[in-house]
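Below: the structure, in structure tokens.
First listed ligand is number 1; within each ligand, the first listed atom is number 1.
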Amino acid sequence: MIDLSPDPSVVELQDRVRDFVRDVAIPAEAALDGGHRQADDDLRRRLQTQAQEAGLLSPTAPTAYGGLGLDHVSQAVVLREAGYGLLGPLALNCAAPDEGNILLLDRVADAAQRERYLAPLARGEVRSCFAMTEPSPGAGSDPSMLRTVARRDGDEWVIDGRKWFITGADGAAFAICMAVTPAHDGTPEGATMFLVDADNPGLRLERHVGSLDIGFVGGHGELVFDGCRVGADAVLGEVGRGFAYAQVRLAPARLTHCMRWLGLAERAHDLLLDRVAERTAFGRPLAELGMAQQMIADNEIDIAAADGLITRAAWLLDRGERASAESSIAKTFVAEAVNRIIDRAIQLHGALGVSDDLPLALFSREVRGFRIYDGASEVHRMSIANRAVRRRAARTQ
Ligand SMILES: Cc1cc2nc3c(=O)[nH]c(=O)nc-3n(C[C@H](O)[C@H](O)[C@H](O)COP(=O)(O)OP(=O)(O)OC[C@H]3O[C@@H](n4cnc5c(N)ncnc54)[C@H](O)[C@@H]3O)c2cc1C
């Protein structure tokens with residue numbers, strides 16, 4: 001039997017995160033004005049200072065850089081707890097996109113890049129963004145449609161292209177930009193990641209893309225790389241290995257999203273449970289009405305299944321496996337489950353559910369995008385189906 005119960009030190013940390021979310025992160029949601037005001041850097045700095053004082057900052061970052069260095073299974077416990085507050089992950093410096101960028105830099109960056117980019121990011125001193133997606137006809141679901149190009153010019157690289165929906169771009173200290181690098185000096189054409197400082201004169205934030213959600217600091221930006229010159233030291237890892245590094249970031253980062261959003265869905269479910277016990281209709285509490293009970297039970301089932309899928313994928317990652325298939329299944333299920341859970345909570349609150357008097361409408365707007373980013377559900381289903389067909393074919397040959 002596999003014992004998946006968390007280490008006592010993780011349970012103790014979970015308790016402290018729960019208290020912090022209750023006492024600090026949830027009250028701070030008032031600053032979002034029911035979803036009418038964007039989370040900003042002042043709010044982030046204030047919350048992160050409090051998390052630092054509580055010894056809770058950067059649970060996923062390496063201990064060498066002041067983080068708590070949690071493994072993936074422990075992250076599943078702690079990030080889920082943090083996610084119970086919409087601003088909990090931001091406060092703890094384990095929100096997207098910085099959390100995924102910390103992991104990527106830790107795995108791929110050289111010593112100088114670690115000091116320059118990873119160290120301040122892990123300490124919460126700066127923010128970052130990850131610039132992959134492009135407006136049509138560029139790369140979205142299909143990364144092979146990448147159009148941003150980086151050409152060699154002497155010792156430098158010159159990047160040209162346009163990226164959009166880049167979370168946190170406004171106010172980020174640097175971007176990790178994915179670009180095509182044409183064949184050069186015996187290196188074949190491929191995709192390469194570049195570290196581009198925000199004050200590079202060849203990089204500009206063209207606009208904010210308005211969207212349903214308001215919880216990501218810096219919102220989502222459209223970035224233009226226009227003759228953007230960077231030195232050879234801006235290459236993250238090796239030239240031409242960008243897609244391989246994207247895979248390094250992908251499975252763990254999509255899983256931490258699942259953990260955080262599951263926490264938020266549980267908050268919605270708790271609100272639902274309070275509501276059905278207190279509100280009566282047709283002479284009985286909602287909790288005793290059959291169709292309401294079905295919604296309560298379906299939420300319980302979704303939460304339990306999401307937890308199981310996340311834990312299984314996290315456990316495989318901790319064993320050093322890529323967990324591509326497992327994290328893909330987990331991501332697809334959890335992204336849809338958290339939307340269902342929050343929607344049922346809204347439904348059983350009636351008009352109150354869609355009002356600004358409760359945070360449920362805000363939560364539903366925040367989680368909707370998760371069915372699109374980190375791989376749209378349809379793209380994951382394509383991969384899951386392809387894997388299944390290949391597995392069966394291999395067994396029957
Ligand atoms: C809130 C949010 C934050 C984001 N943050 C970032 C970020 O920080 N950095 C970044 O680089 N990108 C970011 N993105 C962009 C995200 O990665 C892309 O939206 C995603 O990869 C899909 O690409 P696309 O929007 O171009 O959709 P398209 O590629 O145009 O796809 C549109 C739709 O087509 C359908 N589809 C696609 N492929 C298939 C298929 N094989 N079978 C059936 N249907 C299919 C899906 O329903 C898909 O949603 C973010 C997006 C959102 C919503």
Just jot down the salt bridge (Lys or Arg N to Asp or Glu O under 4.0 Å) partners of Glu378, sequence neighbours excluded, or say none.
none

Can the positive tip of Lys331 be found less than 6.0 Å from the middle of the six-membered ring of Phe370, inside 45° of the ring normal?
yes

N/O donor-acceptor pairs under 3.5 Å from side chains in residues 354-362, not counting sequence neighbours:
unit_1, atom_1, unit_2, atom_2, d
Ser355, OG, Leu352, O, 2.7
Ser355, OG, Asp357, N, 3.1
Asp356, OD2, His36, NE2, 2.7

Side chain to side chain contact (heavy atoms under 4.5 Å, CB included) partner of Ser364, chosen from Val338, Asn339, Ile342, Leu212
Ile342

For a distance cut-off of 3.5 Å, show me each N or O of ligand 1 paired with any protein N or O, plus the separation.
unit_1, atom_1, unit_2, atom_2, d
ligand 1, 5 (N), Phe165, O, 3.1
ligand 1, 5 (N), Thr167, OG1, 2.7
ligand 1, 8 (O), Thr167, N, 3.0
ligand 1, 8 (O), Thr167, OG1, 3.3
ligand 1, 9 (N), Phe130, O, 2.7
ligand 1, 11 (O), Phe130, O, 3.4
ligand 1, 11 (O), Met132, N, 2.9
ligand 1, 11 (O), Thr133, N, 2.8
ligand 1, 11 (O), Thr133, OG1, 3.1
ligand 1, 12 (N), Thr133, OG1, 2.6
ligand 1, 17 (O), Thr133, OG1, 3.3
ligand 1, 23 (O), Ser141, N, 3.3
ligand 1, 29 (O), Ser141, N, 2.9
ligand 1, 29 (O), Ser141, OG, 2.8
ligand 1, 31 (O), Ser141, OG, 3.3
ligand 1, 47 (O), Glu378, OE1, 2.8

Answer yes when Asp213 and Arg368 have at least one side-chain N-carboxylate O distance shorter than 4.0 Å, and no when they do not.
no

Using a 3.5 Å cut-off and no angle test, enumerate the donor-acceptor pairs between side-chain atoms of residues 27-35 and protein atoms at least two apart in sequence or in another chain.
unit_1, atom_1, unit_2, atom_2, d
Glu29, OE1, Arg267, NH2, 2.8
Glu29, OE2, Leu86, N, 2.9
Glu29, OE2, Arg267, NH1, 3.0

